Number of protein chains: 2
Amino acid sequence: MFIQIEPTSDIPIYTQLANQIIELIARGQLKGGDTLPSVRALASDLSVNMHTVNKSYHELEHKGIIRIVPKSGAIINPIVQEGITNENSRRIIEQLKPIIAEAIVLGMSPEVIQEQTTSILITLKGE
Amino acid sequence: MFIQIEPTSDIPIYTQLANQIIELIARGQLKGGDTLPSVRALASDLSVNMHTVNKSYHELEHKGIIRIVPKSGAIINPIVQEGITNENSRRIIEQLKPIIAEAIVLGMSPEVIQEQTTSILITLKGE
DNA sequence: GAACTGTTCTAATATATGTATAACAAACGA
DNA sequence: TCGTTTGTTATACATATATTAGAACAGTTC
């Protein structure tokens with residue numbers, strides 16, 4: 001697991017960690033059925049507190065990305081193949097909207113926004 | 001100004017406000033040169049504290065979206081026409097990446113992600 | 001000159017974030 | 001079986017962020 005935490009970032013550590021795990025799954029470097037390190041092991045690895053890692057894992061579980069088996073470990077769910085749910089789709093769009101609005105106001109043209117989106121998709125999935 | 005604040009949201013009030021002002025500018029409902037209400041007037045209007053509105057305005061100024069003239073008011077900068085700066089572009093991409101990664105993991109196909117991006121752009125700019 | 005403006009200051013409260021320790025009970029592995 | 005590991009839970013503490021409140025100040029506006 002190649003994870004890098006910046007303790008001084010304005011993004012909370014547990015969010016940084018959750019985001020990076022999501023990115024690893026999107027890239028296919030973590031697959032459905034793979035197990036995540038124990039909260040203690042990963043915490044020690046990243047030099048952060050056990051509870052901080054635990055909070056990340058529960059955020060991922062709440063989003064439906066992993067499942068936590070008590071007293072056992074955390075397992076990555078397979079990437080959903082049947083298409084995204086309406087609820088999740090709505091959430092994603094609500095998150096994208098303000099960022100795209102900001103991009104427009106800062107002078108990024110719709111064409112460039114599309115290009116950058118494509119670029120990110122290629123980076124993540126190779127498509 | 002049609003602004004709606006949800007006090008119980010997990011998104012801070014000052015962020016909600018800044019986002020909505022940005023969206024109004026992106027939509028063209030606020031234009032370069034337009035003035036924003038005074039911090040006291042808008043705070044009263046939204047039933048929030050003056051300092052919360054002030055924090056929003058300063059966030060917008062920090063992003064280069066408005067300028068604040070001390071003892072006078074806040075004026076919207078024109079939408080940048082010369083293209084986005086590299087620094088701003090980098091920031092936008094860093095914000096988009098984790099959301100797009102999450103969309104992929106939750107089963108949104110690259111094609112649908114592109115479609116939704118287009119849809120948001122149309123909603124905002126009519127393009 | 002009165003009203004309004006953003007600024008600054010102090011203060012209080014609530015919530016969020018992160019760390020530190022410890023104990024518990026279930027699961028795991030040898 | 002038995003020791004180790006696991007996630008869980010509880011308490012405590014420190015710091016930062018978010019929000020509100022009230023007041024005073026000095027420049028701007030009309």
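Here is how names work: the chains are called A, B, and so on, in the same order as the sequence lines, proteins then strands, and each is numbered from 1. In what follows, every heavy atom counts, from backbone to side chain, and hydrogens, waters and symmetry copies are set aside. Please read these numbers as outputs of a predicted model, since none were measured by experiment.
Within the 3.5 Å criterion, the main-chain N or O of B:G64 finds a donor-acceptor partner in the side chain of B:N77. The main-chain N or O of B:E6 is found under 3.5 Å from a side-chain atom of B:Q16 such that the two form a donor-acceptor pair.
We find that CG of B:N49 is positioned 18 Å from P of D:dT17, with the value rounded to whole Å. As a whole-Å value, the separation of A:L36 CG from D:dT5 C1' is 16 Å. Taking atom CD of residue A:E61 and atom C1' of nucleotide D:dG7, one finds them 11 Å apart after rounding to whole Å. Straight-line distance from the CD atom of B:Q16 to the P atom of D:dT19: 8 Å, rounded to whole Å. The interatomic distance linking A:I11 (CD1) with C:dG18 (C1') rounds to 16 Å, in whole Å. In this structure, the NZ atom of A:K55 is 18 Å from the P atom of D:dG7, given to the nearest Å. Counting to the nearest Å, the C1' atom of C:dG6 and the CD1 atom of B:I75 are 12 Å from each other. When rounded to the nearest whole Å, the span between OH of B:Y57 and P of C:dT8 equals 17 Å.
Listed nucleotides: C:dT5, C:dC28, C:dT7. Nearest to the side chain of B:I68: C:dT7. Here the nucleotide nearest the side chain of A:I13, chosen from C:dT19, D:dT19, C:dT7, is C:dT19. Among C:dG18, D:dG7, C:dT5, the nucleotide with an atom closest to any side-chain atom of B:K71 is C:dT5. The nucleotide whose nearest atom lies closest to any side-chain atom of A:N54 is, among C:dC28, D:dG7, D:dA18, D:dG7. Relative to the side chain of A:M50, the nucleotides D:dT8, D:dA18, C:dG18 differ in distance, and D:dT8 lies closest. The nucleotide whose nearest atom lies closest to any side-chain atom of B:S72 is, among C:dA27, D:dT28, D:dA18, D:dT28.
Residues B:A103 and A:I84 come closest through the heavy atom pair O-CD1, 4.4 Å. Scanning both residues, A:V105 and B:I22, for their nearest heavy atoms gives CG2-O, 3.5 Å.
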So B:R27 and B:E23, salt bridge (Lys or Arg N to Asp or Glu O under 4.0 Å) or not? Walk me through it. CA-CA 6 Å; B:R27 288 177 183 275; B:E23 190 173 326; 2.9 Å; yes
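Between the side chain of A:H51 and the base of C:dT17 there is no donor-acceptor pair of N/O atoms closer than 3.5 Å. Judged by distance alone, with hydrogens and angles left aside, B:H58 brings no side-chain donor or acceptor close enough to the base of C:dT7 to form a pair under 3.5 Å.
Nearest-nucleotide mapping onto DNA chain C: of B:A41 and A:P7, the residue sitting toward the 5' end is B:A41.
Residue contacts for B:Y14: at a heavy-atom cut-off of 4.0 Å it reaches the sugar-phosphate backbone alone, with no base atom in range.
OP1 and OP2 of C:dG18 both lie 4.0 Å or more from every side-chain N or O belonging to A:T52. At C:dC4, none of the side-chain N or O atoms of B:S38 fall inside 4.0 Å of OP1 or OP2 (strictly under the cut-off).
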